[in-house]
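Keep in mind it's a predicted model, so treat the numbers as computed, not measured. In what follows, every chain begins at residue 1, and chains take the letters A, B, ... in the order their sequences are listed.
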Protein chains: 2
Amino acid sequence: MAQTTMGAVIDDLSFLLARANAVSLEAASAALRPFGLKPRSYSVLALALSDHRPSQREIAEYLRLDPSQVVALVDDLQSRGLVERETDPSDRRAKVVTATVDGARLFATAGARVRQAEREVFGVLDEAERAMLRKLIDRVAFPD
Amino acid sequence: MAQTTMGAVIDDLSFLLARANAVSLEAASAALRPFGLKPRSYSVLALALSDHRPSQREIAEYLRLDPSQVVALVDDLQSRGLVERETDPSDRRAKVVTATVDGARLFATAGARVRQAEREVFGVLDEAERAMLRKLIDRVAFPD
DNA sequence: TATTGTTATACTCTATAACTATA
DNA sequence: TATAGTTATAGAGTATAACAATA
C-alpha cells in the first residue's frame, strides 16, 4: 500500500516524522546487528568516544533516556570491554564513560555500515536536500 | 546539557531524526492522554475516518505495525465505541475499520489538541520551513 | 497454497520508585 | 537537601509462531 495506494491519509508532521524514524531505525538496527549493537548502544559508544567525556547523566539527557536505562546500556558495553567507567575526580558521584581501544575499533567498522545504511534510507534525497533536512530537523531535535 | 553544552556530538541524520521524533512523540502523547488515546490509537482512528475504508492489514502496513498489534488497537477502540469492524463483502477475510460518530467527534477534539502540541514542537520553524520539512521527510517516510 | 485476522507467548523497552554515595 | 548512579519491578510495546476462515 503505502502512500501510492492509500494516499497521504495522515499528513501530520509528527506522523511523518514517526514513520521516517521507523524506516531509518529499522535500517540502522539491521546494519548494527552483526556487531551485537543496537541504535542505543551504538549511540552510547559514540558519546563515549567524544572529547566531552560525558557522564552517564549527560548521556541520559542527550539520548533522552532515563538514567537507569543508561546503566544497563553501559553495563552491557563494559562487560564486552568496549567502554570503561571512571569516577569523575571533580564530582565523585559522577561516572565518566570512555571508550576502550576495542570500542573505538568496533565503532569505526560499525559506523561505516551505519552510514552505508543511512545513505540508502536518505538516498531518496540529494546532497543539498539532506543538508537542508539535517538543519531543519536539528532545530526540532534540540530546541535551544 | 543538550546541544549547547555538549555540542553536536552525534550528527547522524538518523540520530537527529530519532531525537526529534522523541520530542514530538512526547508532546503528542501528553496531548492525547486526557482523551484516553495514544499516538498509535489516534493514528488508527484517523485511518478509520478516511474515505479509503482501510482493512486492518492496510492499517498495519501504513503504520508499520504487525497485524497482531492492530488487532489489539482496534479491540480497544471498538470496546469504547469509537470504531467498528465490518467484514469486506469483496473479501470476507478482510475487516474494514470505520469510525463511529463518537469516534469522529473524539478525533475532532483530540486532533485540535494534537495540532496545538505540534505547533509548539515545530514552532521553532517558520511556515515555509515546516512545509519544506514536511516535503523532505515525506519522501523518507514513503520511499515510493 | 496463500492471505487476513486472531491468539498466545516470550522478549524488549519504558516508567517508577526506592536506595547509596556523594555533594 | 539535592544529585548521580544503581537496583528492582511492573507495565507497555515488540516479535514470532501457530491457528481458523477465506481466497
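Heavy-atom contacts from other residues, nucleotides or ligands closer than 6.0 Å to CG of B/D126 number more than 12.
Checked against a 6.0 Å centroid threshold, the rings of A/Y42 and B/F15 do not count as neighbours.
Residues B/L45 and B/F35 have side chains not in contact (no heavy-atom distance under 4.5 Å, counting atoms from C-beta outward). The shortest distance between side-chain heavy atoms of B/L47 and A/M6 falls below 4.5 Å. In this structure, the side chains of B/V83 and B/T100 stay at 4.5 Å or more apart for every pair of heavy atoms.
One can place CG of A/L73 at 16 Å from C1' of D/dA4, the figure rounded to the nearest angstrom. Computed from coordinates, the B/Q78 CD to C/dG5 C1' distance equals 13 Å when rounded to whole Å. To the nearest angstrom, C1' of C/dC13 lies 14 Å from CG of A/D76. Separating the CG atom of B/L65 from the P atom of D/dG13 is a distance of 11 Å, rounded to the nearest angstrom. Taking atom CZ of residue B/R85 and atom P of nucleotide C/dT4, one finds them 16 Å apart after rounding to whole Å. One interatomic measurement links the two molecules: CD of A/E86 to P of D/dA4, which rounds to 19 Å at whole-angstrom precision. Whole-Å rounding puts the B/L25 CG to C/dC13 P distance at 16 Å. In this structure, B/R33 places its CZ atom 13 Å from C1' of D/dA12, rounding to the nearest Å.
Residue A/K95 places at least one side-chain N or O closer than 4.0 Å to OP1 or OP2 of D/dT6. Using a 4.0 Å cut-off, no side-chain N or O of B/Q69 falls inside it from OP1 or OP2 of C/dT6.
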Item to check | Base versus backbone protein contacts along nucleotides 16-23 of chain C [heavy-atom cut-off under 4.0 Å; B, S, -] | outcome: B-----BS
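Taking every side-chain heavy atom of B/A94 into account, C/dT4 is the closest of C/dT4, D/dG5, C/dT12. The side chain of A/V71 approaches D/dG5 more closely than any other nucleotide in the set C/dC13, C/dT6, D/dG5.
A distance of 11.0 Å separates CD of A/E58 from CZ of A/R53, quoted to the nearest 0.5 Å. Between A/L133 atom CG and B/L16 atom CG the span is 8.5 Å, to the nearest 0.5 Å.
Nucleic acid contact for A/R64: none, since no nucleic acid atom lies under 4.0 Å from a heavy atom of the residue.
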